[in-house]
Amino acid sequence: MKPKYKRLQIIIISIASICLGALILLKSFNENIIFFYTPAELLSKDLSGKLVRVGGFVKEGSFEKNDLAIKFTITDNDKDLVVCYEGQIPNMFRENQGIVAKGKLLHNVFFAQEILVKHDEKYMPKELVNSIKDSGNWRN
Amino acid sequence: MHIDFAQLSIVVAMLLGVISASMLPLTYFSKKQITKLLKLIIFVQFSLISFAFFSLEYSYITSDFSVENVYKNSHHAVPLLYKITGLWSNHEGSMLLWVFLLSLCNFIFTFHKIDYEEKLWIYFIQILITSSVLSYIIFKSNPFIKLMPVPKQGIGFNPLLQDMGLAIHPPILYVGYVSTSIPFVMACAAMIRKKLTRSLIEIMQAWNLLSWSFLTLGISLGAWWAYRELGWGGYWFWDPVENASLMPWLSSIALIHSIYSTKKLNTNYASTFVLAICGFLLAILTSFFVRSGAVTSVHSFAQDASRGLYILAILFIYSFFALLLFANRIKYFESSNGYSWVSRLGGINISNILWSICIIIIVLSLIYPLFIQNISGSQITVESSFFKQNFVPLTGVILLLLAATLPATWQNILKIHNRHLIYSLIVSIIITGIFCKFYCLASELTYIFIFFTGVLVVSRMIFWIYIRDKISIKFLFIWIVHIVAGLFAISIAYLETNSQELVAQINENQAIEFAGFKVTLIKKENYAKDNYLSGKIILNVFKENEEVGNLTPEIRYYPVENTQTAESSILHNIFYDLYAVISEIDVSSQVTVKLYYKPLINWLWAISLITFICGLVLLYLNHRKRNNASS
């Protein structure tokens, strides 16, 4: 066929595949993203049972453990949230440390599947910094 | 005192770039003299930056806490090795390492025997890049800030980073990143001069192979460290910084094949240039932007938004000029066409498209959260399941292409030995079937597919070398690097579907059954050493009445940093790792132990190392051929 038509065909196929690819990717994104909240946001919205991430720093004196699980409170200087985690204390975990937990909120207690602690003594998750600043509770 | 001179040296080095830029109009008069001058400037930049780098290193070694960088990242009690490697444990120091390695690459490049006309533009762009990176360091990320009054003690050093694997991971990875600058610069210079000579192509391939090899080693060192140190039995978390490090690696693999097709068939100029340009842009994105705090990750350092913006600005300027150059000059590079898509060349072209899609998936996964945040204010993270659904299957498809097209000819895949492809398919289906039925604990479709593609590649490679008449050393290493790709796929698929874990409470002299092993707790102890206190247990492991070894997991508490880490204990074997972690430093009462069984995991590290070595060997073989050809 004529070069002009062949080029047009290539362009149409490319655009169609790009659109298809973009749609597949967007759908995939929406199925695989997790939202992040601070304790205050999480407690104020009705998100019970939904898989989310919550970030805060560990409140002094709130850490407890028994044989197979640990319990502690995290705060964003606004509200406190009790976190339960069935598993081992993650490396670098300590009081006043910023952490991000992934799990579900049930009856105002957060059941964590995963706790992430960062490998830097100055860590506070960016989301947490932003959220705390937004709520006006930022203290250095 | 020396730190002040160090500060001054990098300022001078940066200003040399400004001076070089002003010399641009003079090239009209004497290209040769200007080239010589630029070569001198590269040498001076290298000397100044080296002086700055080693001055800071000297401050670390002598624990000179008047330097803020040393104060924040070191301590008298830290072992000497980790004082030295502490320089790059933080953002500012690691950027200094980055620019040092960049200037080293530029310096080494001056020894290539190329015409001065080619060199002029290469040197010029190299100097500009070095100077722009220096400007970032000077204005946004200065490691030479001093403290007054001088603190008596440093604020310690993260114990998780006191590990050999992690200590050498940044330098090795950075060699990979900075060496992507050379193909970039060469591509730009070739486009300015409107031609790409054969010797330039070969030098570009050499530096690209260097980059790819070191990136492979660097990324796997990071994964190996994570596996040993983080106590979760995992090695890859699809964290944004990890994903970002994959981008230059993917781009350099695609570039290897693109340059190969350009060299052999005088085609694919557009993809070679685009990949060379993108490789470097992605390396900058990974090294600077992702670690600057703009993207949330457990790896990123401080949160200074202006740093991210500065880097974005630099990236934008590089991209703008490079792509403008490409758009303007690509018409001077005529690619031969008339090649069939159903051939080895077709396989390379399609796989390059697929590699690019992989890169785009990662770029989008980095951008999407930022985008959503700016639109709706919600903060999101992209889960690992996204990558398992999209990225991993795509790599499987690339492996399928490999099996189908690598042994074929450049012209036509349908001509040669495709009954071997059919045999390989049959073998793969049978073996995968057996795998699914008997050797698969967790049936995940993605990994079954990957297993299948891995077996297909391995069997096809075996047929290929079996019927081959002449096996040169070069062919052998190319064969090795591709067959281990198949073995890697098999290992990962088997590992992910067959690993086991168990959490159990155990008393002294008590035994537990796990994954066919009998594990008995025989001793508990507490001790103190160097800068930590430790609680440790000894587990004796038997398999079918034969002793396998001992596992000795510990918890260490570091008083200075007021933090504890779990030291995992691993029994290594060709076919599996047995991995134990405890979580309590007080071992006097009942101990909770977590056990992992990781089959074939050591194949991952072995294959990464083999790939690294093959990359360097192929680099050497190409170089030797080039020297023989020119003499």
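Below, read A as the first sequence line, B as the second, and so on, with proteins coming before strands; counting in each chain starts at 1. For the numbers below, each heavy atom of this structure counts, side chains included, while hydrogens, waters and symmetry mates do not.
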Kindly compute the distance separating CG (A:L26) from OH (B:Y368), expressed to the nearest 0.5 Å.
5.5 Å
Give, for atom CD1 of B:I372 and atom CG of A:N30, the distance between the pair rounded to the nearest 0.5 Å.
7.0 Å
Are A:N32 and B:F387 close enough, and set up right, to give a side chain to side chain contact (heavy atoms under 4.5 Å, CB included), and what steps lead you there?
CA-CA 9 Å; A:N32 288 296; B:F387 299 98; over 6 Å; no
Value rounded to 0.5 Å, distance of CD in B:Q389 from CD in A:E31:
6.0 Å
Under 4.5 Å from any heavy atom of chain A, what part of B:S365 do you find: side chain, backbone, both or neither?
both
Is B:L364 in contact with chain A via its backbone, its side chain, both, or neither, using a 4.5 Å heavy-atom distance?
both
Decide yes or no on side chain to side chain contact (heavy atoms under 4.5 Å, CB included) for B:F386 and A:L25, but give the supporting numbers first.
CA-CA 9 Å; B:F386 172 77; A:L25 266 178; 3.5 Å; yes
With rounding to the nearest 0.5 Å, note down the distance linking CD1 in A:I18 to CD1 in B:I360.
8.0 Å
Counting heavy-atom pairs closer than 4.5 Å to chain B, which one of A:V52, A:I34, A:I24, A:I33 comes out on top?
A:I34
